[in-house]
Peer 1: 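Have a look at the structure that comes next, please.
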Amino acid sequence: QVQLVESGGGYVQTGGSLGLSCAASGRAFDLYRMGWFRQGPGKEREFVATISRTGNITYYSDSVKGRFTISRDNAKNTVYLQMSSLRPEDTAVYYCAASVSLGRLTATRQYNYWGQGTQVTVSS
């Protein structure tokens with residue numbers, strides 16, 4: 001089992017940048033594929049990005065591709081999401097998640113553990 005705690009959310013203007021972190025407790029962090037999701041006001045939770053166990057494979061939603069970067073440091077049990085060129089539509093609660101499954105994991109049901117979320121607000 002793994003516990004996940006996100007940090008780094010906040011308020012930023014359009015075009016700005018923000019970095020999120022997700023710290024995992026427990027052992028065997030490198031056995032989990034990690035992902036970031038977000039849930040905007042009145043919307044369903046949606047996939048943002050995912051990264052393989054070793055960090056060599058990443059995949060992004062079309063809405064953030066080229067603007068967001070997911071990375072991980074297995075020595076620190078941490079996964080990151082660097083966000084740039086932020087837009088008002090990026091406003092959401094951002095969640096990190098861990099999965100024991102393999103493959104391109106873009107659905108919430110594919111993830112086993114979730115953090116509590118961190119709010120990102122982008123002003124226009």
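Counting from 1, the numbers follow the sequence of the chain as shown.
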Peer 1: Which value, rounded to the nearest 0.5 Å, describes the distance between Trp36 atom CH2 and Ser61 atom OG?
Peer 2: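 The CH2 atom of Trp36 sits 14.0 Å away from the OG atom of Ser61.
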Peer 1: Indicate yes or no for a side-chain donor-acceptor contact from Ser84 to the backbone of Arg67 under 3.5 Å, with no hydrogens or angles considered.
Peer 2: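 Indeed, once roles are kept as given, a pair shorter than 3.5 Å links the two residues.
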Peer 1: Would you name the heavy atoms of Gln116 and Tyr95 that are closest together and state the gap between them?
Peer 2: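 For Gln116 versus Tyr95, the nearest heavy atoms are O-CE2, 3.5 Å.
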Peer 1: Once rounded to the nearest 0.5 Å, what's the spacing between atom CE of Met83 and atom CD1 of Ile70?
Peer 2: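 Between Met83 CE and Ile70 CD1, I get 12.0 Å after rounding to 0.5 Å.
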Peer 1: Among Ile51, Ile57, Val79, Val100, find the one that has a side chain to side chain contact (heavy atoms under 4.5 Å, CB included) with Arg33.
Peer 2: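 It is Ile57, the one option of Ile51, Ile57, Val79, Val100 that forms the side chain to side chain contact (heavy atoms under 4.5 Å, CB included) with Arg33.
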Peer 1: Would you say CD of Glu89 has more than 12 non-hydrogen atoms from neighbouring residues, nucleotides or ligands within 6.0 angstrom?
Peer 2: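 Count over threshold, so yes.
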Peer 1: I would like to know whether Arg38 and Val120 meet side chain to side chain contact (heavy atoms under 4.5 Å, CB included); could you show each step before the answer?
Peer 2: CA-CA 9 Å; Arg38 67 186 182 186; Val120 172; over 6 Å; no
Peer 1: How many angstroms lie between OH in Tyr59 and CZ in Phe47, if you round to the nearest 0.5 Å?
Peer 2: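 Between Tyr59 OH and Phe47 CZ, I get 6.5 Å after rounding to 0.5 Å.
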Peer 1: For Tyr32 and Arg72, which heavy atoms make the closest approach, and how far apart are they?
Peer 2: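 Heavy-atom minimum between the residues: O-NH1, 2.9 Å.
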Peer 1: Which atom names give the shortest non-hydrogen contact between Tyr11 and Ser123, and what distance separates them?
Peer 2: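 Residues Tyr11 and Ser123, closest heavy atoms: OH-CB, 3.0 Å.
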Peer 1: Please check: side-chain N/O of Arg53 versus main-chain N/O of Leu31, any donor-acceptor pairing under 3.5 Å?
Peer 2: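 Answer holds: yes.
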Peer 1: Would you say Val93 and Val48 are hydrophobically clustered, going by side-chain heavy atoms of ILVMFWY under 4.5 Å?
Peer 2: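 Hydrophobic grouping puts Val93 apart from Val48.
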Peer 1: Distance check, rounded to the nearest 0.5 Å: Leu86 atom CG versus Thr14 atom OG1?
Peer 2: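 Spacing of CG (Leu86) from OG1 (Thr14) equals 8.5 Å.
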Peer 1: Enter the distance from Met34:CE to Ser52:OG here, rounded to the nearest 0.5 Å.
Peer 2: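 Output value for this atom pair is 12.0 Å.
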Peer 1: Locate the shortest heavy-atom distance separating Phe29 from Ala24; write the atom from each residue and the value.
Peer 2: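 Smallest heavy-atom distance, with atoms named: CD1-CB, 3.4 Å.
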Peer 1: Please say yes or no: joined through hydrophobic side-chain contacts below 4.5 Å, possibly via intermediate residues, are Tyr113 and Tyr94 part of one cluster?
Peer 2: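 In one cluster with Tyr113: Tyr94, yes.
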Peer 1: Please find the pair of heavy atoms, one from Leu105 and one from Tyr111, that lie closest to each other, and give the distance.
Peer 2: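 Taking Leu105 first and Tyr111 second, the nearest heavy atoms are O-OH, 2.8 Å.
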Peer 1: Work out which heavy atom in Tyr60 is nearest to a heavy atom in Phe68; give both atom names and the distance.
Peer 2: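 Heavy-atom minimum between the residues: CE2-O, 3.2 Å.
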Peer 1: Working to the nearest 0.5 angstrom, can you tell me the gap between Thr78 OG1 and Leu4 CG?
Peer 2: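 Result: 10.5 Å between the selected atoms.
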Peer 1: Between the side chains of Thr118 and Glu6, does any donor sit under 3.5 Å from an acceptor?
Peer 2: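 Not at all, the side chains of Thr118 and Glu6 share no donor-acceptor pair under 3.5 Å.
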Peer 1: Does a salt bridge link Lys65 with Asp62, judged by any charged N lying under 4.0 Å from a carboxylate O?
Peer 2: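 Asp62 and Lys65: salt-bridged.
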